[in-house]
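Step one of this worksheet: look at the structure below.
This is a predicted model, so every value here is computed, not measured.
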Amino acid sequence: MIPLSSLPLKTESWQQQLGNAYCQVKELLADLELSTHYRPEMELAAEAFRFQVPRYFAALMKKGDIHDPLLLQVLPAAAELQHKPGFVMDPLGDQDAHEGNGILHKYHGRVLLITTGACAISCRYCFRRHFPYASHQALKNQWQPALRQLQQDPGIHEVILSGGDPLSLGNERLQLLIQELERIPHIRRLRIHTRLPVVLPSRIDQPLIELLGNTTLATSMVVHINHPHELTTELEQALCPLRRVGITLLNQSVLLKGINDSVSTQVLLCESLYSAGILPYYLHQLDHVQGAAHFAVNDQTALGLHRRMEQRLPGYLLPRLVREVAGANSKQTLPRSQNQKK
Ligand SMILES: *Cc1c(COP(=O)(O)O)cnc(C)c1O
Ligand code: SF4
């Protein structure tokens with residue numbers, strides 16, 4: 001008989017896998033044979049924004065490579081502790097836009113619903129790294145005030161589940177929420193913004209596929225894949241059944257210095273996404289959140305990169321290069337004129 005300890009990870013539930021995530025920087029670095037790169041400042045950075053990396057995601061990192069593009073996204077760095085002008089606690093003005101009840105209503109016809117503050121991973125560049133979830137989630141799963149507000153505004157046709165990561169909610173809770181949304185006649189579309197399948201493909205389990213396949217709302221899922229190494233066979237296989245039940249799969253990435261800021265990486269990402277049945281949607285300029293300045297790519301460079309992507313990719317595989325501007329009524333496409341003279 002196979003001893004329990006040697007059974008493959010796949011037999012664990014996604015909740016168990018979440019529970020087993022790395023939460024010590026030292027341990028991850030040791031397993032990657034990178035112990036000599038450990039610095040005490042990493043712990044300080046991890047105190048400001050916690051360190052958490054599912055083992056599945058860590059297994060995609062290359063041993064002995066401190067510049068691994070997946071590792072760099074999650075490794076706490078001393079640079080996070082430096083204050084840079086222009087990098088602020090709430091770069092999107094979310095706290096102003098917030099209507100109470102976990103609803104962010106900034107754009108016409110659609111709202112973001114902050115369902116939970118929990119994520120399966122802590123991305124160091126996260127624009128919500130300082131977001132006061134405790135007072136803002138829709139919350140503690142008391143959906144009623146949020147639902148009442150949605151019911152009273154017939155101009156809202158799409159609800160975007162966000163967070164944190166909405167898929168860190170269990171299927172039962174998601175189902176309850178979706179059933180409530182289905183009862184509101186003017187809501188026709190459901191969108192789920194999630195990075196969870198990317199760091200834990202087992203999250204796309206059969207009950208989730210069924211509940212998303214059965215909803216009467218037109219449903220899309222926007223996953224968050226930044227680098228081709230994140231797009232594994234496991235992930236592709238996990239997402240495939242969602243497409244079969246009619247869910248539109250889109251991707252958004254964040255442009256990150258030293259991680260995915262080369263033309264070849266971006267082109268490969270877009271082409272690989274298409275092979276996996278996912279369309280590139282947005283390539284985001286980093287939100288200027290305090291502690292993430294070292295990931296920023298300047299606009300000129302970003303536009304140059306995007307133009308070279310455009311020269312290599314069919315139009316339908318070119319993500320829109322955007323940034324979010326506090327107070328604006330949509331995401332802002334980076335102005336091309338800045339780039340035209342080159
Ligand atoms: C990004 C975002 C949306 C969705 O915008 P789309 O352009 O529809 O993808 C909606 N509301 C808020 C607050 C957002 O930040
Ligand atoms: S998964 Fe998304 S919300 Fe969660 S830490 Fe990463 S970027 Fe932030």
Side-chain angles (χ1 to χ4, degrees), residues 41-42 44-51 69-98 104-107 112 114 117 119 121-133 135-136 160 162-165 193 195 222 224-227 251-262 265-266 269 280-307 309 319-339:
E41 297 81 32
M42 292 174 176
L44 289 176
E47 270 170 37
F49 181 54
R50 75 174 182 154
F51 173 77
L70 275 52
L71 175 62
L72 290 180
Q73 293 182 55
V74 298
L75 186 64
E80 292 173 39
L81 304 167
Q82 293 165 13
H83 286 220
K84 282 271 157 66
F87 285 77
V88 300
M89 297 289 273
D90 179 24
L92 309 185
D94 276 355
Q95 292 179 49
D96 292 340
H98 184 259
L104 285 175
H105 191 183
K106 296 207 278 193
Y107 302 162
L112 266 184
I114 310 261
C119 277
I121 193 162
S122 298
C123 312
R124 307 315 298 178
Y125 49 82
C126 182
F127 68 109
R128 293 236 171 87
R129 48 180 292 157
H130 307 291
F131 196 72
Y133 282 110
S135 57
H136 287 72
I160 302 168
S162 181
D165 200 307
H193 276 210
R195 184 149 160 80
V222 182
H224 177 177
I225 300 171
N226 289 323
H227 191 280
N251 184 62
Q252 57 176 349
S253 324
V254 182
L255 185 56
L256 299 165
K257 192 176 183 170
I259 293 172
N260 61 5
D261 56 344
S262 78
T265 300
Q266 284 294 336
L269 176 60
Y281 181 33
Y282 282 139
L283 175 59
H284 287 270
Q285 266 293 48
L286 185 83
D287 295 315
H288 285 189
V289 66
Q290 190 178 300
H294 53 297
F295 289 114
V297 174
N298 70 45
D299 282 359
Q300 209 60 32
T301 308
L303 280 159
L305 170 74
H306 193 250
R307 201 159 66 146
M309 289 167 66
R320 266 164 272 177
L321 178 63
V322 293
R323 84 146 30 89
E324 212 158 315
V325 177
N329 57 12
S330 73
K331 302 203 197 298
Q332 308 287 291
T333 305
L334 262 64
R336 312 267 311 210
S337 55
Q338 289 182 27
N339 185 42

Which pair of non-hydrogen atoms, one from [X] and one from [Y], has the smallest distance, and what is that distance?
X      : Y      : value
Ile121 : Val74  : CD1-CG1, 3.6 Å
Val289 : Tyr125 : CG1-O, 3.9 Å
Ala46  : Phe51  : CB-CB, 4.0 Å
Leu269 : Ser253 : CD2-OG, 3.7 Å
Arg124 : Pro76  : NE-CA, 3.7 Å
Ser122 : Phe49  : CB-CE2, 3.8 Å

Side chains of [X] and [Y] in contact at under 4.5 Å (non-hydrogen atoms):
X      : Y      : answer
His306 : Leu255 : no
Val88  : Pro91  : yes
Ile160 : Val222 : no
Thr301 : Asp261 : no
Arg128 : Ser162 : yes
Leu286 : Val297 : no
Leu283 : Met309 : yes

Taking [X] for the side chain and [Y] for the main chain, is one N or O donor matched with an acceptor at less than 3.5 Å?
X      : Y      : answer
Glu41  : Ala77  : no
Arg323 : Gln285 : no
Asn260 : Thr265 : no
Gln82  : Ala78  : no

[X] [atom1] to [Y] [atom2] distance, which is reported to the nearest 0.5 Å:
X      : Y      : atom1 : atom2 : value
Leu256 : Gln73  : CG    : CD    : 6.0 Å
Asn251 : His224 : CG    : NE2   : 7.5 Å
Tyr281 : His193 : OH    : NE2   : 6.5 Å
Leu305 : Gln300 : CG    : CD    : 12.5 Å
Leu321 : Gln332 : CG    : CD    : 12.0 Å
Leu75  : Leu70  : CG    : CG    : 12.0 Å

Q. Can you name the residues that form a ring-ring contact (aromatic ring centres under 6.0 Å, His included) with Phe87, not counting sequence neighbours?
A. His288
Q: Just jot down the ring-ring contact (aromatic ring centres under 6.0 Å, His included) partners of His227, sequence neighbours excluded, or say none.
A: His229
Q: Would you indicate whether Lys331, at its atom NZ, is surrounded by more than 12 heavy atoms from other residues, nucleotides or ligands within a distance under 6.0 Å?
A: yes
Q.
Assess, by modelled atom type and distance only, whether the side chains of His284 and Gln252 contain a donor and an acceptor separated by less than 3.5 Å.
A. yes
Q | From Arg129, Gln290, His294, residue fulfilling side-chain hydrogen bond (donor to acceptor under 3.5 Å, both in side chains) relative to Glu80 | A | Arg129
